[in-house]
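Being a predicted model, the structure only gives us computed values, none of them experimental. To find a chain, count down the sequence lines: A is the first, B the second, and so on, and within it residues start at 1.
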Protein chains: 2
Amino acid sequence: MYPNFISHIRKYVKLDDHSVARLIQYISPLKLKRKEFLLKEGQICQSIYFVEKGCLRMFFIDDKLNEQITQFALENWWMADHFSFLDNKPSPYLIQTIEKSEILAINKTLFEEMLRELPQMERYFRIIMQRAVAASQLRNKFTYEMSKEEFYQHFNTSFPEFVQRVPQYMIASYLGLTPQYVSELRKKKL
Amino acid sequence: MYPNFISHIRKYVKLDDHSVARLIQYISPLKLKRKEFLLKEGQICQSIYFVEKGCLRMFFIDDKLNEQITQFALENWWMADHFSFLDNKPSPYLIQTIEKSEILAINKTLFEEMLRELPQMERYFRIIMQRAVAASQLRNKFTYEMSKEEFYQHFNTSFPEFVQRVPQYMIASYLGLTPQYVSELRKKKL
DNA sequence: TTCATTTCTTAAACCAGCTTAATTTTTTAT
DNA sequence: ATAAAAAATTAAGCTGGTTTAAGAAATGAA
């Protein structure tokens, strides 16, 4: 049951079988088809989502009505609008499956209860969040030091699995490029 | 003793006086003059730093030998290269005081011990890190939806204290602009 | 107060990456 | 299978922001 989820947690903290049984009480498994939504703009992000299987994107609609993708999540990644989740603010984002997916959701109230009951989970999320900060520091550094062309090439070589699974226009959006420019860059490389 | 530090923690978790006394055993206070370094490129980021008073910047040297500033921290902010701190990797960054500052440092080993002894601190850092993720999601969204001119104007109106305290060329660097362009934008606004 | 250093400004030429618009290819649903 | 919709390509013209190079103004140390 949820093998990715459990082994991901056990990579960072010790958790005996009894605690695992208790932990599972707090989560809601969701089976979703392609293009289904977990969050829509204007709603409060009530849950954080773990991708047991499949792939999610988070995006917002900009002033020219483009879908601007700010994050992807595939297996073993968490997804949430943390600002909305922490402070109960309406979110500007939409969260949507890209493929058929199995998602584990924990809502805010149960999340707090779970952390009180299982201190190892407080530790797990401290580590996960600190790693998320580290990852965003790194990505941020790349945006300072690379041109958009370099950023695109870097992404391609660093995450080939992604490039296989996700349409090109979505990668363009995530990297802050126009689909036309990405097309030009691909042509250039051949 | 360290009033900003203690009240910042008590904003997020309950901490009795005995725990505060224990907590203080783990931290090293540093009094630093203007332009002193806490970290230099190639070193491992051994500590995380809390700004009790003063102001820090984190930057790296890019391929054109520019100092690229990626983060500032003033009172009540934490500063670290988390990737280096978590995984003991040499850091590409330098961390330096902009003004005379009072910094509280916790090194990696003591950090782990402290979290074991004081579970409230594990909770505090989970919250702090989750808020840091929220902040970086927000900043990231701005870079997708704003032009560089808008980003500059937004920063000015959102953080006027910063603009007072920090030289203009450092703000330009942080925002990914040339000092020349910032100068042009200021002229335009008058 | 003065000098040396740091910071800020001005202006012209330049270009990486965007916009617009039309066409082709691929994918999805029935 | 087939039609419709979604995704990718091509190409020309354009612009927001950089680069380069000097000079002016502000600041800190002695």
Ignoring hydrogens and angles, state whether a donor on the side chain of Arg126(B) or Gln130(A) is under 3.5 Å from an acceptor on the partner side chain. no
Step through it carefully: locate the ring centre of Phe50(B), locate the ring centre of Trp77(B), and say whether they are under 6.0 Å apart. no
Using whole Å, report how far NZ of Lys33(B) lies from C1' of dG28(D). 14 Å
So, for Phe72(B) and Tyr174(B), is the gap between ring centers shorter than 6.0 Å? yes
d(NZ, Lys188(B); P, dC8(C)) in whole Å: 20 Å
Rounded to whole angstroms, how far apart are NZ on Lys35(B) and C1' on dA29(D)? 12 Å
Please work out whether the ring planes of Phe155(B) and Phe159(B) are parallel, tilted or perpendicular, with thresholds of 30° and 60°. tilted
Shorter than 3.5 Å, N or O on both sides, protein versus nucleotides 25-27 of chain C: list them out with atom names.
none

Charged N to carboxylate O below 4.0 Å: is that the case for Glu145(A) and Arg139(A)? no
Flag this pair as yes if the NZ/CZ of Lys141(A) is under 6.0 angstrom from the six-membered ring centre of Phe60(B) and inside a 45 degree cone about the axis; otherwise no. yes
Quantified as the angle between the terminal helix axes (five pairs each), what is the overall bend of the helix from dT1(C)-dA30(D) to dT30(C)-dA1(D) to 10 degrees? 70°
Identify whether the distance between the nearest side-chain nitrogen and carboxylate oxygen of Glu149(A) and Lys188(A) falls below 4.0 Å. yes
Strictly by modelled atom types, are Tyr26(B) and Glu117(B) linked by a side-chain donor-acceptor pair under 3.5 Å? yes
Could you encode protein contacts along nucleotides 17-22 of chain D as a string, one character per nucleotide from 5' to 3', using B for base contact, S for sugar-phosphate-only contact and - for no contact, with a heavy-atom cut-off of under 4.0 Å? SBBBB-
In whole angstrom, give the distance that lies between atom CD1 of Ile171(A) and atom C1' of dA7(D). 13 Å
Any ion pair linking Arg123(A) and Glu112(B) (charged N to carboxylate O, less than 4.0 Å)? yes
Does Arg186(A) have a side-chain nitrogen or oxygen under 4.0 Å from the phosphate oxygens OP1 or OP2 of dT9(D)? yes
Charged tip of Arg57(A) within 45° of Phe59(A) ring normal and under 6.0 Å: yes
Under-4.0 Å salt bridge between Glu102(A) and Lys31(A): yes
Distance check needed: dT27(D) P versus Ile98(B) CD1, whole Å only. 16 Å
Leu185(B) CG to dG16(D) P: how many Å, rounded? 12 Å
Can you tell me if the side-chain N/O atoms of Tyr169(B) get under 4.0 Å from OP1 or OP2 in dC8(C)? no
Strictly below 4.0 Å: does Gln168(B) bring a side-chain N or O up to OP1 or OP2 of dT6(C)? no
How close or far is atom P of dA6(D) from atom CD of Glu67(A), stated in whole angstroms? 11 Å
May I have the distance from Phe151(A) (atom CZ) to dG17(C) (atom P), rounded to whole angstrom? 12 Å
